[in-house]
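Below you'll find the structure, written out as structure tokens, and then a few comments.
Values below: every heavy atom of this structure, side chains too, minus hydrogens, waters and symmetry copies.
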Amino acid sequence: MGKMKVATLVLALVFVSSLLETTFAQGGSPFCDSKCAVRCSKAHLQKRCLKYCGICCEKCNCVPSGTYGNKDECPCYRDLKNSKGGSKCP
């Protein structure tokens, strides 16, 4: 294999792996991605907010409206807890 073919193959693999990482980091479903984008739009730690919102949305199929509060709209989302007993969902 020529050097150019090897370089092209390596670049293609890097590109595909970055696409997969982005897709899985956002939770995967278009419903959750769009709802979490709104929920986390004002979050200081955007990546963390999107990650946990996506996890909660996939489990509950629900995200409260707005950027903060309103968790009574979605009891499943509200009641998910982290290992320390705090709210898992932003």
Start with the C-alpha distance between C62 and C76, add both sets of side-chain angles, then the distance that settles disulfide bond (SG atoms under 2.5 Å apart), and finish with yes or no. CA-CA 8 Å; C62 178; C76 170; over 6 Å; no
Residue pairs fulfilling salt bridge (charged side-chain N to carboxylate O under 4.0 Å, His left out) with at least one residue in residues 66-78, sequence neighbours excluded: D72-R78
Applying side-chain hydrogen bond (donor to acceptor under 3.5 Å, both in side chains) as the test, list every pair that has at least one member in residues 36-45; sequence neighbours left out. none
Is there a side-chain contact between F31 and C57 (heavy atoms, below 4.5 Å)? yes
Distance check, rounded to the nearest 0.5 Å: C74 atom SG versus K35 atom NZ? 10.5 Å
Answer yes or no for C32 and C53: SG-SG distance under 2.5 Å. no
When rounded to the nearest 0.5 angstrom, what distance separates CG in L45 from CG in L50? 11.0 Å
Can you list every pair that meets salt bridge (charged side-chain N to carboxylate O under 4.0 Å, His left out) and has a residue in residues 79-90, with sequence neighbours left out? none
Under 4.5 Å between side-chain heavy atoms, chaining through other members, with only Ile, Leu, Val, Met, Phe, Trp and Tyr counted: pull out the rest of the cluster around V63, sorted by chain and number. Y77
To check you understand the geometry: which heavy-atom pair defines the closest contact between V38 and T67, and what is its length? O-CG2, 3.5 Å
Nearest heavy-atom neighbours spanning G69 and P64: O-CB, 3.8 Å
Smallest separation among heavy atoms of G54 and C36, with atom names: N-SG, 3.5 Å
